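We use all heavy atoms of the structure for the numbers below, so side chains are in, but hydrogens, waters and symmetry mates are not. These numbers were taken from a predicted model, which means no experiment stands behind them.
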Amino acid sequence: MGKRCLTLVLALLLALSLSACGSRPDPTDPTSGGGGSSSPPIPAPLDATYWTAVRHESYNPSFGRTEVSAMPTEKWWADLYLNEDGTALFREALGFGYASYLINAEWWLGANNALRLTGEDLDGSFISMDGRKEKDGSVMLETPYGNRFYFEPAERPASGGELCMADLEGTWRMSAGEAEGDEFSPEEMHMASLLNIERWWSDDEGGYTLRADYYSAHLLDTDAPEYETEEDLLTEKLDEPLMYGLPNELWSARLYAEDSETEYYVTLTDRNTLYLQQYYELDNAPAARTAIYTREASLMPETLTLALADEPDKSLMFYWRDPPAEVAKPLEALPVTVLEKGGQNKLLLIGRWYETDIQFCTGSAEQNEDGTLGEWITDTVLYEGTLRIDEPQWFSLTIPEKTAKLCLFMKRPWDESWFTWPITDQAPFFVSGDTFLTEAD
């Protein structure tokens with residue numbers, strides 16, 4: 001009876017020791033000590049919660065060898081958070097983007113110092129990573145791609161260190177504005193704002209850089225809203241907080257244009273919350289506007305994304321006349337190009353696959369005997385520009401029931417001839433609902 005009680009006590013102590021080394025072990029994982037007839041040795045706890053990658057190993061099949069790289073470099077680094085509460089974070093940053101990233105993760109240390117991380121990648125897919133604590137106190141972690149990182153303990157960054165410039169990439173929608181310490185919704189302020197930050201390849205930098213597009217609309221409750229648009233803004237990291245009192249104490253970023261004095265200052269308080277400040281003068285004294293933005297899955301609202309999924313293979317562009325509120329409202333921060341004063345209709349155009357040159361021209365249509373368009377005789381070019389890939393643009397005009405007064409011209413930049421689409425409710429040029437304008441048309 002004494003031996004039986006002693007066995008139960010030892011088993012209980014072993015279970016408590018294993019759970020104290022991290023998050024809960026996976027009973028289906030043989031490295032976690034969940035199976036087998038004999039109890040594994042009790043692993044030693046980790047010496048730190050923050051780790052920096054000092055070496056990287058990857059197999060090169062072209063040469064049949066494992067290549068070793070020292071880390072970090074000026075544009076390539078990786079770090080690992082193994083927090084005491086069992087949560088984890090792994091990221092490999094290359095320039096201003098992630099080569100791999102594990103979020104919403106947990107970790108535990110099992111038998112024989114085997115390390116297991118489970119969580120989500122940037123796309124929300126479940127992934128796991130295995131590694132181990134080495135005899136020298138370092139940590140090895142293998143990514144799902146078979147590459148290995150070797151980490152050494154480092155001083156844990158201050159608040160905000162869990163975030164970096166790569167986390168700025170994405171689409172951000174204004175969710176609140178601050179004025180004199182009070183918060184207001186964009187609807188209360190009759191405004192809307194979008195911030196879209198993308199990674200662009202730079203030959204000059206020899207890597208990726210971050211570029212930002214800023215859109216803001218004011219006086220949305222009037223017939224003449226005012227728009228502020230700044231595209232292709234450069235980004236610069238600042239080793240100082242945007243303002244004191246925010247959770248991110250380490251860094252902020254400046255968004256600026258090289259050829260003007262336009263600049264905005266941003267920071268992240270968590271991965272899905274961005275603060276933006278714009279400085280100006282009020283009564284000859286410096287002042288600042290502050291807005292809070294929330295991360296969006298895409299610049300396109302869901303209804304629009306579903307419509308785009310059904311596009312033909314050779315679409316020149318996407319054309320939607322007077323889209324419903326679930327499409328129009330999320331994009332109301334984008335400027336509207338007025339083609340006709342007092343226009344009763346709005347067209348949403350989106351570039352597809354390649355950049356598309358467009359023109360809106362006044363004139364008249366010459367029809368063939370079968371009623372199809374023979375030629376459009378142009379009087380005046382009202383607008384000419386380019387639609388970038390997946391870039392939405394708004395146009396305001398009045399669509400006549402019969403004879404077209406305006407014609408939409410479109411082509412790829414390398415083409416010589418234009419495809420034409422007279423804008424009218426008259427057949428055969430009638431466009432209803434969401435429609436793709438293709439080369440075949």
Side-chain angles (χ1 to χ4, degrees), residues 21-26 29 32 46 48-53 56 71-72 75-110 115-131 139-151 153-154 156-173 175 195-199 208 210 235 237 246-253 266-275 292-299:
C21 295
S23 185
R24 61 185 181 278
D26 183 358
D29 178 18
S32 68
L46 293 174
T49 59
Y50 179 75
W51 305 73
T52 298
H56 176 264
M71 294 184 69
K75 297 182 180 180
W76 180 37
W77 55 274
D79 61 359
L80 177 66
Y81 284 80
L82 300 176
N83 300 315
E84 294 178 352
D85 62 359
T87 59
L89 169 69
F90 163 73
R91 56 187 174 182
E92 176 197 356
L94 190 61
F96 287 101
Y98 288 116
S100 55
Y101 190 21
L102 186 66
I103 56 178
N104 299 327
E106 295 183 340
W107 72 276
W108 61 85
L109 195 64
L115 178 67
R116 164 65 63 90
L117 273 70
T118 60
E120 301 173 1
D121 61 15
L122 286 171
D123 296 324
S125 301
F126 175 84
I127 59 173
S128 64
M129 297 183 186
D130 291 317
V139 164
M140 184 279 293
L141 185 65
E142 184 171 320
T143 72
Y145 307 104
N147 302 325
R148 290 187 172 186
F149 290 89
Y150 290 83
F151 297 87
R156 189 182 180 100
S159 177
E162 301 87 353
L163 306 162
C164 69
M165 288 286 285
D167 290 305
L168 288 173
E169 183 181 7
T171 298
W172 302 87
R173 186 181 310 280
S175 54
L195 183 65
N196 195 51
I197 303 178
E198 298 179 339
R199 278 194 306 151
Y208 287 98
L210 291 177
T235 58
K237 183 184 178 185
L246 292 180
N248 186 350
E249 302 172 353
L250 285 185
W251 63 274
S252 57
V266 299
T267 194
L268 298 178
T269 56
D270 58 57
R271 192 173 179 276
N272 296 315
T273 306
L274 178 146
Y275 275 67
I292 304 171
Y293 291 71
T294 301
R295 184 184 296 276
E296 294 284 324
S298 169
L299 183 65

Indicate the atoms forming the closest heavy-atom contact of S128 with R116, along with that distance.
CB-CD, 4.2 Å
Given 3.5 Å as the limit, does a donor-acceptor pair link the side chain of T294 with the main chain of S175, or not?
no
G160 versus L250, closest heavy-atom pair with distance:
C-CD1, 4.2 Å
Run the side chain to side chain contact (heavy atoms under 4.5 Å, CB included) test on L89 and N83 for me, step by step, so that the C-alpha distance in whole Å, both residues' side-chain angles and the decisive distance to 0.1 Å come before the verdict.
CA-CA 9 Å; L89 169 69; N83 300 315; 5.8 Å; no
Applying side-chain hydrogen bond (donor to acceptor under 3.5 Å, both in side chains), can you list everything that pairs with D121, at least two apart in sequence or on another chain?
none
Are more than 12 heavy atoms from other residues, nucleotides or ligands located less than 6.0 Å from atom OH of Y145?
no
Verify, without hydrogens or angle tests, whether T171 (side chain) and A297 (backbone) share a donor-acceptor contact under 3.5 angstrom.
no
For the side chain of R91 and the backbone of W77, is there at least one donor-acceptor N/O pair under 3.5 Å apart?
no
Any side-chain to backbone donor/acceptor pair from R148 onto M140? Under 3.5 Å, distance only.
no
Shortest non-hydrogen pair, L122 vs Y101, comes out as CD2-CD2, 3.1 Å
Taken to the nearest 0.5 Å, the spacing of M71 CE from F151 CZ works out to 7.5 Å
Side chain to side chain contact (heavy atoms under 4.5 Å, CB included) assessment of L163 paired with W251
CA-CA 9 Å; L163 306 162; W251 63 274; 4.0 Å; yes
Looking only at atom types and distance, does a side-chain atom of W107 sit under 3.5 Å from a main-chain N or O of Y81, one as donor and one as acceptor?
no
Using ring pair (Phe, Tyr, Trp, His ring centres under 6.0 Å) as the criterion, list what pairs up with Y275, not counting sequence neighbours.
none
Between D123 (side chain only) and S125 (backbone N and O only), is there a donor and an acceptor less than 3.5 Å apart?
no
What are the two closest non-hydrogen atoms of R295 and D167, and how far apart are they?
NH2-O, 2.6 Å
Heavy-atom closest pair (E106 atom, A88 atom, distance to 0.1 Å) is C-CB, 4.1 Å
When rounded to the nearest 0.5 angstrom, what distance separates CG in L141 from CD in E92?
10.5 Å
To the nearest 0.5 Å, what is the distance between CD1 (I103) and OH (Y98)?
9.0 Å
Side chains of T49 and L82: does their closest heavy-atom pair fall under 4.5 Å?
no
Matching residue for N248 among T267, D270, T269, T273 - test: side chain to side chain donor-acceptor pair (under 3.5 Å)
T267
Can you tell me how far CD1 of I127 sits from OG of S100, rounded to the nearest 0.5 angstrom?
7.5 Å
Which value, rounded to the nearest 0.5 Å, describes the distance between H56 atom NE2 and W76 atom CH2?
4.5 Å
All heavy atoms of C164 vs all of L268, minimum pair found to be O-CD1, 4.4 Å
CA sep, side-chain torsions, deciding dist, call: L117, L80, side chain to side chain contact (heavy atoms under 4.5 Å, CB included):
CA-CA 11 Å; L117 273 70; L80 177 66; 3.7 Å; yes
So how far is it from F96 CZ to L168 CG, rounded to the nearest 0.5 Å?
9.5 Å
